[in-house]
Amino acid sequence: MTFSRRDFVKNSVLGAVAAGVGAGATSNAHAENSAPGHASPGDAPKPTIICAHNGFAYVEGAYASLKSGADTLDVGIQVVKGPEDDPNDDSVGLGGLPNEEGVVELDACCMHGPTRRAGAVGAVRNIVNVSMVSKAVFQHTGHVMLVGEGAERFAVAVGFPRQNLLTDRSRKIWLLWKEFNSDRDWWGPGIADPSWHPPVEEPKPQAEVWRERIEHLRQRAADLGIEPDFQTAAVRRVLLPPTGTIHCSVLNEKAEMSGITTTSGLAFKLPGRVGDSPIIGAGCYTDQDVGSAGATGSGEENIKVAGAHTIVENMRHGMSPKDAGIDALKRIVRNYNGDMTRLRYMDMSYYVLRKDGAYAGVSLWEGYSAGHPHTFVVHDGTLRREVATPLLKGFSQEWPPFPTIPEELKKNSEYLK
Ligand code: ASP
């Protein structure tokens, strides 16, 4: 997964609001020009899947299922189950980076267009396929959302196995993070440790301080048994905590639609924190009379604009998928009165699919850093990645802000690749 979202701005962070400007090849001409309902009743829409970048490897197989008549929600689950089961995707499911106490907590929600049902689970521990559990909520209960221990017990009751979601690698990264952020508690090697030294008092140039910190972290990564090839990546995850999530929206030729979103949420979050991903209307919303939308990015910001629902409503009122998504992003900007000093510490991507097959990917910023634009995956007969249309020019930084790592160190692959 990409974990460079916290990369510091290289080019014009404080860009002006520039809707539709920039890395623009996004929505197809269909998306740009047609209004909802454009397709006449007899026209079958092109079966289409849209999802976040980390779904790429799973879309081809899911598209084959879609073509052979599988239910749209099951197709979406087929896509997102890939990253959920992948121990090396540390943003979703198994191997997801844990909360600040070292416990993996997962969030997911889904909407099934044909039957207008919805399900969601939040802060679930010990169950890997929370996407499927969110579907099970509407299949087996009269509720829409279950959280925490109740959600876990429900999952076990309907047949999902309990398993440890914390891989050894994610546990070690968490431990490294814990020790690094912990100079005023008892975590990390103590005074008796041969490598212990008293806090350095004399002021040093920033670059030197950082070089020492990074070296020290890499040494600790080695001591913790993190494999040599992954030590730099582990240090990077500690200094620049990653985020990640997957959303997938699906349309079939009967014009049925579904959407699903699943995540391990923010790395090192407070226990019990629930983001936007399991919130129907924020992380995902589907109304097959209109379209489907989903989100990845700063969950707290997306909840406040009910992003996915806002986008679907915008399309209901005639906006194209791209304009509908850009409008939701503008609402985030408005929540901060356009204050770029604050806005640069958040980011948001929306994946938008209309009932006639028109689609768009939009993002608040251009990407994580120069050369790494936000992308999304689409399959409507041809599998491809496309670059999302950004609202703002420039690149986001991660929250909470971190003391600036000198550019020379970040650029130097010896230090932080
Ligand atoms: N939206 C997710 C959350 O806030 C994180 C992400 O998409 O990166 O939990």
Side-chain angles (χ1 to χ4, degrees), residues 1-7 50-55 79-80 83-84 89-93 95-100 103-110 120-125 130-131 134 145 147-148 151 165 170 237 240-249 259-285 293-311 325 328-329 332 335 345-352 361-365 367-368 372 374-377 388 395-400:
M1 68 162 300
T2 307
F3 48 87
S4 54
R5 197 173 121 185
R6 199 168 174 168
D7 275 0
I50 184 170
C51 71
H53 71 97
N54 47 345
V79 173
V80 304
E84 277 183 345
D89 185 328
D90 53 22
S91 72
V92 182
L97 286 173
N99 67 22
E100 66 173 11
V103 180
V104 181
E105 289 186 341
L106 305 180
D107 298 335
C109 79
C110 65
V121 287
V124 182
R125 301 178 173 193
V130 282
S131 58
S134 73
M145 187 170 197
V147 300
L165 303 180
S170 287
R237 278 161 168 74
L240 315 169
T243 57
T245 292
I246 180 162
H247 167 80
C248 183
S249 281
I260 182 141
T261 302
T262 178
T263 189
S264 54
L266 298 178
F268 320 128
K269 62 194 174 185
L270 268 66
R273 179 266 188 185
V274 169
D276 59 325
S277 306
I279 308 293
I280 298 289
C284 178
Y285 195 77
T296 62
S298 307
E300 280 73 9
E301 305 312 324
N302 189 37
I303 291 171
K304 290 188 284 182
V305 298
H309 183 262
T310 293
I311 290 168
L329 294 169
I332 294 175
N335 280 350
Y345 291 114
M346 58 192 76
D347 210 340
M348 202 67 231
S349 294
Y350 290 122
Y351 312 85
V352 191
V362 298
S363 56
L364 185 60
W365 294 98
Y368 303 128
H372 297 99
H374 289 302
T375 60
F376 63 100
V377 178
F395 305 96
S396 57
Q397 297 183 22
E398 192 56 87
W399 179 267

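The figures here come from the full heavy-atom set of this structure, side chains too, leaving out hydrogens, waters and symmetry mates. Read the numbers this way: they start at 1 and go in the same order the structure lists the ligands and their atoms.
- By the 4.5 Å heavy-atom criterion applied to side chains, Thr262 and Glu84 are counted as neighbours.
- For a threshold of 3.5 Å applied to N or O pairs, the pair formed by Gly275 and ligand 1 contains no separation below that value.
- Counting atoms of ligand 1 from 1 in the listed order, those under 4.0 Å from a heavy atom of Ser277 are 1 (N), 2 (C).
- Remark: Glu300 engages Arg273 in a salt bridge, criterion side-chain N to carboxylate O under 4.0 Å.
- Formation of a donor-acceptor pair under 3.5 Å by the His247 side chain with backbone atoms of Thr296 is not found in this model.
- Remark: ligand 1 atoms within the under-4.0 Å shell around heavy atoms of Asp276 are 1 (N), 2 (C), 3 (C), 4 (O).
- Side-chain contact between Ile246 and Thr261 is absent, with no heavy-atom pair separated by less than 4.5 Å.
- Residue contacts with ligand 1, taken as heavy atom pairs separated by less than 4.0 Å, do not involve Met348 at all.
- The side chain to side chain contact (heavy atoms under 4.5 Å, CB included) test applied to Thr263 returns Asp107, Thr245, Ser277, not counting sequence neighbours.
- Shown in contact with Thr296 at under 4.0 Å from a heavy atom are these atoms of ligand 1, numbered in order with element: 7 (O).
- Using modelled atom types, no side-chain atom of Ser363 and backbone atom of Ala388 make a donor-acceptor pair closer than 3.5 Å.
- Compare His247, Lys269, Arg273, Glu301 by their heavy atoms: the one nearest to atom 4 (O) of ligand 1 is in Arg273.
- In the vicinity of Gly265, heavy-atom distances shorter than 4.0 Å reach the ligand 1 atoms 9 (O).
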